[in-house]
**Q** 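Here it is, the structure in full.
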Protein chains: 2
Amino acid sequence: MKRRDYGQYCGLARAMELVGERWALLIVRDLTVRPRRFTDLLEGLPGIPTNVLSTRLKELEQAGIIERQLAPAPQRGVQYAFTQAGHDLEPALLALGRWGATQLGEPRPGEIVTPESVTLSLRAVFDPAAAADLTASWEIRHPDYILHAVVTDGHLEAGVGPTPDKPDLAITFEPDGLPSYRALVQAAKCGLVKLEGRRTLLQTFLRVFASTEQDR
Amino acid sequence: MKRRDYGQYCGLARAMELVGERWALLIVRDLTVRPRRFTDLLEGLPGIPTNVLSTRLKELEQAGIIERQLAPAPQRGVQYAFTQAGHDLEPALLALGRWGATQLGEPRPGEIVTPESVTLSLRAVFDPAAAADLTASWEIRHPDYILHAVVTDGHLEAGVGPTPDKPDLAITFEPDGLPSYRALVQAAKCGLVKLEGRRTLLQTFLRVFASTEQDR
DNA sequence: CCGAATCCGCAGTGATACTG
DNA sequence: CAGTATCACTGCGGATTCGG
């Protein structure tokens with residue numbers, strides 16, 4: 001497999017050679033949240049051709065960013081998971097996502113929101129300074145998905161699915177439009193959410209996950 | 001001008017739509033350092049076809065990331081410069097560059113190093129914690145280029161060309177191979193550099209610009 | 001000389017069909 | 001489920017040409 005190169009001995013150039021091709025960083029985004037199978041990835045990347053997904057997975061594997069594994073018990077097929085180099089990509093991913101979020105504007109016709117995308121938003125806007133020494137857990141519920149955000153001593157773990165234990169606060173929202181992170185924050189600010197648990201943690205949530213952001 | 005989209009309302013997806021196409025982020029990299037003209041960019045991006053550069057510049061301009069300006073006095077033609085949105089890309093650029101640098105390995109045959117790339121490396125590895133309250137200036141000299149790094153009260157300004165005033169320390173190096181940032185640090189650590197000025201600032205340089213890095 | 005536009009051959013992509 | 005095969009199409013690389 002030959003890869004096109006940029007002919008420069010430069011970190012950015014090398015990064016673009018490894019993950020700069022079409023769809024690659026979105027595949028990486030989905031794997032940042034949890035290991036996924038081929039069809040899981042297909043589902044979360046509407047419009048990607050199967051042969052392109054197949055090619056990207058091979059390239060990412062060859063680059064040492066992901067690895068093929070046997071999926072756990074119930075399914076037991078192939079799944080794709082990050083190596084250490086893959087995990088190390090997350091700061092760059094979050095930085096790009098933060099910038100892109102400022103360029104988002106309104107949703108365009110036909111655009112969708114996936115749980116993975118919202119999870120990355122949670123991680124991207126998380127403010128460690130505002131969360132110093134904090135310990136709390138939230139569960140975000142929408143008809144289409146459930147997410148969790150668990151802060152332990154100021155350290156965040158966010159992902160798809162319910163919290164391991166009962167969350168300190170469950171936030172249920174059902175926006176008119178897309179279930180994006182923006183819509184969640186907006187609903188929370190306007191009180192258009194259903195709460196279950198320690199209701200005062202809603203303000204904490206907004207402070208920690210939407211502090212400097214005016215509207216994301 | 002129609003752009004391909006990813007069909008997702010997601011910051012990362014939008015970022016890739018705007019700056020994800022081939023060569024785009026390397027053009028952005030060069031403009032991060034200073035405004036450049038069409039032929040300056042051509043020179044710093046060996047191998048880019050002129051039509052692709054032309055297309056990218058239009059796309060980046062339409063995306064509101066760069067703008068066309070009249071170049072200053074001596075040349076007075078067109079030059080391309082960042083808008084605010086362009087400047088805001090820098091954190092993401094540095095994060096990607098840091099990750100890519102860990103994947104660099106040895107230079108491949110034919111690979112080059114540009115002053116812009118080294119400047120970005122300086123900014124990427126700069127450790128604000130190690131430089132707290134520091135004020136000092138360095139000039140990096142190599143037969144092929146001169147860079148400056150000026151730290152004022154712990155804040156870094158790094159770019160191509162000499163320091164505005166006489167630097168506190170001038171570091172001259174002439175590696176056998178490529179004049180990369182790695183080669184600079186290696187030469188500095190091994191004492192294979194010529195110093196001019198406050199020689200003790202060499203250790204400060206290494207502490208601030210190569211602290212956590214073992215070898216970059 | 002600068003800043004492109006144009007043309008061509010080819011590689012990468014998108015869409016769909018098909019297979020172990 | 002997890003891909004491969006096929007094919008049309010678009011974008012890229014490389015070269016040349018052109019206007020200011």
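We use all heavy atoms of the structure for the numbers below, so side chains are in, but hydrogens, waters and symmetry mates are not. First the proteins, then the strands, lettered A, B, ... as listed; each starts at 1.
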**Q** Going by the rule ring-ring contact (aromatic ring centres under 6.0 Å, His included), which residues pair with B/Phe82 if we only count those two or more places apart in sequence or in a different chain?
**A**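 B/Phe82: ring-ring contact (aromatic ring centres under 6.0 Å, His included) contacts with B/His87.
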**Q** Tell me which pairs pass salt bridge (charged side-chain N to carboxylate O under 4.0 Å, His left out) where either residue lies in residues 62-75 of chain B, with sequence neighbours left out.
**A**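 Passing the test, one end in residues 62-75 of chain B: no pairs.
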**Q** Would you say B/Glu90 and B/Thr32 are linked by a side-chain donor-acceptor pair, where the criterion is simply a distance under 3.5 Å?
**A**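 B/Thr32 vs B/Glu90: no donor-acceptor pair found between side chains.
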**Q** Taking 4.0 Å as the cut-off, does a side-chain nitrogen or oxygen of A/Thr39 come that near to OP1 or OP2 on D/dA2?
**A**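 Answer is yes, contact under 4.0 Å.
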**Q** Under the salt bridge (charged side-chain N to carboxylate O under 4.0 Å, His left out) definition, can you give me all pairs with a residue in residues 158-174 of chain A, not counting sequence neighbours?
**A**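 Matches after skipping sequence neighbours: none remain.
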**Q** Do the side-chain N or O atoms of A/Lys58 get closer than 4.0 angstrom to the phosphate oxygens (OP1, OP2) of D/dA2?
**A**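 Result: no.
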**Q** For DNA chain C, which residues of residues 11-21 of chain B approach it to below 4.0 angstrom with any heavy atom?
**A**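 Close to the strand, none.
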**Q** Looking for any heavy atom pair under 4.0 Å, which part of the strands does A/Arg56 touch: base, sugar-phosphate only, or nothing?
**A**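 It contacts sugar-phosphate atoms only.
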**Q** What's touching nucleotides 17-20 of chain D from the protein side, N or O pairs under 3.5 Å?
**A**
none

**Q** When you check the phosphate oxygens OP1 and OP2 of C/dA5, does a side-chain N or O of B/Ser54 lie under 4.0 Å from one of them?
**A**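 Indeed, a polar side-chain atom of B/Ser54 lies that close.
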**Q** Just by protein heavy atoms under 4.0 Å, how would nucleotides 14-20 of chain C read 5' to 3' in B, S and -?
**A** BBBB---
**Q** Can a salt bridge be assigned to the pair A/Arg56 and A/Glu59 using a cut-off of 4.0 Å between side-chain N and carboxylate O?
**A**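 Salt bridge present between A/Arg56 and A/Glu59.
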